[in-house]
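Quantities reported herein were computed from a predicted structural model and do not represent experimental measurements. Reminder, nothing fancy here: chain letters follow the sequence lines and each chain counts from 1.
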Number of protein chains: 2
Amino acid sequence: MATGRTHRPATRSRGIPEATVARLPLYLRALTALSERSVPTVSSEELATAAGVNSAKLRKDFSYLGSYGTRGVGYDVEYLVYQISRELGLTQDWPVVIVGIGNLGAALANYGGFASRGFRVAALIDADPAMAGKPVAGLPVRHTDELEAIITDNGVSIGVIATPAGAAQQVCDRLVEAGVTSILNFAPTVLSVPEGVDVRKVDLSIELQILAFHEQRKAGEDAAQTAATPPRVPRTTGGGRKGPDGDVPAVMPA
Amino acid sequence: MATGRTHRPATRSRGIPEATVARLPLYLRALTALSERSVPTVSSEELATAAGVNSAKLRKDFSYLGSYGTRGVGYDVEYLVYQISRELGLTQDWPVVIVGIGNLGAALANYGGFASRGFRVAALIDADPAMAGKPVAGLPVRHTDELEAIITDNGVSIGVIATPAGAAQQVCDRLVEAGVTSILNFAPTVLSVPEGVDVRKVDLSIELQILAFHEQRKAGEDAAQTAATPPRVPRTTGGGRKGPDGDVPAVMPA
DNA sequence: ATGCCTTTGTGAACGCGTGCACAAAGATGG
DNA sequence: CCATCTTTGTGCACGCGTTCACAAAGGCAT
């Protein structure tokens, strides 16, 4: 059974660290804002605060792209916008398909941040026949049957999955089979893909759970363990510890 | 300009590394699925593949929580579900507010993954007076004027921002002022918050840009190796990366 | 009870990412 | 042309996260 090999062990792509790549869009956004205000140049310090990062980190990130700054002055905004765009591959047009036009899929279709960054929604696809033909964000929803044809006809290599969890893997398989090699997954499932296919996942629930953890910790510091907290099981070696099926409280499942 | 101190330098909370905390929801989801199938125990290897991670990493993650496994057998599913839920703070009820009921806000309001994990949508808030009172996901949309009252009345400590970028910082300030200490930000902006407030951001456009980077790189490698079927034409063939002032097209400013 | 087999828990090594601090590079003014 | 000042680019050290590899621990059969 094909185990999901999703991780990229040392995707240090071509000398550009993954962490740096993840920050480039952040810099690009800040630079675009400066560009719209017709700011000609910007120092690493200014740009760093605008992007919410450390200035040393920003300079090191840029050093992976090349020496695009001028000492004593800073960086030319327009020039840097272009260099980062090129490095990220945004100077070309990326057709994407969005599969699963529920609330989230519709929100994505209407999201303006795509078109402005070189991404073009080639098609909206849904499995519900009743949705077919309905216009969403100015595009008619296509039925899943057409998926393969849409992919090949438009040369789509990036797919967005916004289906329920149960359908995600099946949709993913079809996308990959049709030629998609990058997938943005919003369904709360671990996708299994063959080598060479990139998957990034966005899970709304997971983000909230991480926040809850820190929130609990903050609250716990104020009032030390309010609710009756059964203290962690003392790891007494050999002692009759946790009853595997005895003391487990009622926890609601999904 | 008060720089937003959003990063957590060494938030090694109570000995639990941040990276581990980020994976706990993943484990929890896999365990919940097993629980629904009434699977009594699971080995680290099985659970790891289900969650899409390395088994050694999973065991080390769990070791931060305590010794909850049984050697030679594995982990008790129900017991582990409870322990992780407790550690994440999901055994209590977390009221959240969603501000900005556009396409995305509505999608979030309808998202089932919240309620099932201990999160309760206390209110939907929007600045548009025309939206006020309209039911979305079974809840009437409230106007922004009521924001502070809603926060305090419901004891909300987690807020979700799904407004346009321009309104995000203002909304954020009001949330924080009213007592919110954890924020999930979907607006494409860097939020500036005081010490003690956690911010996590989800940026759809950034994820796509990261995918585009890898996609471009993959296309470049293909084109370099086999000139058979160049799917996407890379900007510069041969992948020579830096050409500081060589092939720069029109965008060049100064 | 004893030995074998399975699986956990973890010590240790390694690699990546971050931040400091400073020398080199260029602009600017006299 | 030289001195000074600003800002970049980076060598270096440190800490976190990941992975390996194995001893310890428990179950199970005999």
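- With sequence neighbours excluded, the residues that form a ring pair (Phe, Tyr, Trp, His ring centres under 6.0 Å) with B:F62 are B:Y27, B:Y75.
- Nucleic acid contact for B:F62: none, since no nucleic acid atom lies under 4.0 Å from a heavy atom of the residue.
- Whole-Å rounding puts the B:E45 CD to C:dT6 C1' distance at 12 Å.
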Can you build the contact string for nucleotides 23-30 of chain C? Use B for base contact, S for sugar-phosphate-only contact, and - for no protein heavy atom under 4.0 Å. -BBSS---
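- Here C:dT18 presents its C1' atom at 13 Å from CG of A:L58, a figure rounded to the nearest Å.
- Sorted by first then second residue, the salt bridge (Lys or Arg N to Asp or Glu O under 4.0 Å) pairs that include residues 47-65 of chain A, not counting sequence neighbours, are A:R23-A:D61.
- A 6.0 Å sphere centred on CD of B:E177 holds no more than 12 heavy atoms belonging to other residues, nucleotides or ligands.
- Between A:Y68 and D:dT7 there is no side-chain N or O to OP1 or OP2 distance below 4.0 Å.
- Taking atom CG on B:L65 and atom C1' on C:dG9, their separation rounds to 13 Å, with Å as the unit.
- The B:R59 side chain lies nearest to C:dG9 when the options are C:dG9, C:dA21, D:dC20.
- Closest contact between the side chain of B:N54 and the listed nucleotides C:dT18, D:dG17, D:dT19 involves D:dT19.
- When the P atom of D:dT10 is taken as reference, atom NZ of A:K57 falls 18 Å away, rounded to whole Å.
- The main-chain N or O of A:G89 is found under 3.5 Å from a side-chain atom of A:W94 such that the two form a donor-acceptor pair.
- Sorted by first then second residue, the ring-ring contact (aromatic ring centres under 6.0 Å, His included) pairs that include residues 31-54 of chain B, not counting sequence neighbours, number zero.
- B:K60 has its NZ atom 14 Å from the P atom of D:dA21, to the nearest Å.
- Residue whose closest nucleotide on DNA chain D sits further toward the 5' end, between A:A56 and B:T20: A:A56.
- With rounding to whole Å, B:Y64 atom OH is found 10 Å from C:dT10 atom C1'.
- Applying the ring-ring contact (aromatic ring centres under 6.0 Å, His included) rule to pairs touching residues 31-55 of chain A yields nothing, sequence neighbours excluded.
- For the side chain to side chain contact (heavy atoms under 4.5 Å, CB included) test, residues two or more places apart in sequence or in another chain that qualify with B:S205 are A:Y111, A:R117, B:D203, B:Q209.
- Rounded to whole Å, atom C1' of D:dT19 lies 12 Å from atom CZ of B:R23.
- In this structure, B:Y75 places its OH atom 18 Å from P of C:dT6, rounding to the nearest Å.
- Closest to the side chain of A:S63, out of C:dG17, D:dT10, D:dT8, is D:dT10.
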